[in-house]
Amino acid sequence: SFPPVTPSRIHKFRRRAKISYRDEGYLFAALLRLSGLALWLLTATYLIAPSALQASRLQIPNQIRYGAIVAGSLCSLLMWWTLSSLGKNLTDTVVTRSTATLVTSGPYQWVRHPFYLTAALMMTSATLITANWAIGIASVLVLGLLAIRTPREEQKLIDRFGQQYRDYMATTWRYFPRIRFRR
């Protein structure tokens, strides 16, 4: 999956900062990016020539598809909030920058990985909007690879922030908000 172009990413490329994929594993990094590319190409193909993906069409009621348009639009706002909160800490690998700060505000106050949650919601919306199982399978592949990568990413965060990150882990869940019931 390719990260969006944000001011922090543009700044990174201007500085020519190198982010290593070694810790993630070159093969894994390539597989994740190729699956993300496949998802983008399938989605672009659907937008340009939907008939090209007719063989993988699903029968989904229009009301659900319209609801997915609304949900996807709201997810765009959530993605903006997530990326804005993360700021210069954003990388497209498990590496934590030496200048990174631990972000626990914005959507990160409820979930440790709101980017992945939002991406999952957006991919689900795209699958429902397009009513296409090929896009759905590509989405599941990307999300599965991100889920496999997450423990390594969290270990890097523990290595960088130590007890501060462990305390944060104790109060938030990985992908979903922790529901607290009051007695």
Using the rule that two of Ile, Leu, Val, Met, Phe, Trp, Tyr join whenever any of their side-chain heavy atoms come within less than 4.5 Å, decide whether [X] and [Y] are in one cluster.
X: Ile148; Y: Phe115; value: yes
X: Leu128; Y: Met122; value: no
X: Tyr66; Y: Ile60; value: no
X: Trp173; Y: Tyr175; value: no
X: Trp133; Y: Ile135; value: no

pair [X]-[Y]: side-chain heavy atoms closer than 4.5 Å:
X: Gln155; Y: Ile158; value: yes
X: Tyr108; Y: His113; value: no
X: Leu27; Y: Leu31; value: no
X: Leu77; Y: Trp81; value: no
X: Arg178; Y: Val111; value: no
X: Arg174; Y: Pro151; value: yes
X: Ser84; Y: Leu86; value: no
X: Leu39; Y: Ser139; value: yes

What is the minimum heavy-atom distance between [X] and [Y], and which atoms define it?
X: Thr45; Y: Leu53; answer: CG2-CG, 4.1 Å
X: Arg160; Y: Ala100; answer: NH2-O, 2.9 Å
X: Arg112; Y: Thr172; answer: NH1-O, 2.5 Å
X: Leu42; Y: Ala134; answer: CD1-O, 3.7 Å
X: Pro177; Y: Leu117; answer: CD-CD2, 4.5 Å
X: Ser125; Y: Gly72; answer: OG-N, 3.5 Å

Q.
Quiz question: by atom type and distance under 3.5 Å, do the side chains of Asn132 and Thr127 form a donor-acceptor pair?
A.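 Judged by distance alone, the side chains do not pair up.
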Q) How about Tyr116 and Arg149: does a side-chain donor come under 3.5 Å of a side-chain acceptor? A)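 Checked: Tyr116/Arg149 side chains pair up, N/O donor to acceptor below 3.5 Å.
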If you round to the nearest 0.5 Å, how far is [atom2] of [Y] from [atom1] of [X]?
X: Thr101; Y: Gln164; atom1: OG1; atom2: CD; value: 9.5 Å
X: Thr96; Y: Leu102; atom1: OG1; atom2: CG; value: 10.0 Å
X: Leu141; Y: Leu32; atom1: CG; atom2: CG; value: 8.5 Å
X: Asn62; Y: Ile69; atom1: CG; atom2: CD1; value: 9.0 Å
X: Gln109; Y: Tyr168; atom1: CD; atom2: OH; value: 9.0 Å
X: Lys156; Y: Thr91; atom1: NZ; atom2: OG1; value: 11.0 Å

Q.
Apply side-chain contact (heavy atoms from CB on, under 4.5 Å) to residues Leu146 and Val142 and explain how you reach the verdict.
A. CA-CA 6 Å; Leu146 290 173; Val142 169; 4.1 Å; yes
Q: With sequence neighbours left out, write down each residue that passes salt bridge (charged side-chain N to carboxylate O under 4.0 Å, His left out) with Glu153, or none if nothing qualifies.
A: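 Not a single residue meets the salt bridge (charged side-chain N to carboxylate O under 4.0 Å, His left out) criterion with Glu153.
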Q) Would Lys88 and Thr99 satisfy side-chain contact (heavy atoms from CB on, under 4.5 Å), going step by step from the backbone distance to the final call? A) CA-CA 9 Å; Lys88 293 179 182 179; Thr99 59; over 6 Å; no
Q.
With side-chain contact (heavy atoms from CB on, under 4.5 Å) as the test, pick out the partner of Ser35 among Leu145, Leu143, Val140, Ile137.
A.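 Option passing the side-chain contact (heavy atoms from CB on, under 4.5 Å) with Ser35: Leu145.
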**Q.** From CA spacing to verdict: side-chain contact (heavy atoms from CB on, under 4.5 Å), Glu154, Thr150
**A.** CA-CA 6 Å; Glu154 289 198 325; Thr150 302; 4.2 Å; yes
Q) Looking at residues at least two apart in the chain, or sitting in another chain, which of them share a side chain to side chain donor-acceptor pair (under 3.5 Å) with Ser76? A)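 Not a single residue meets the side chain to side chain donor-acceptor pair (under 3.5 Å) criterion with Ser76.
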Q | Neighbour count >12 (heavy atoms, 6.0 Å) for atom CZ, Arg65 | A |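 Yes, enclosed.
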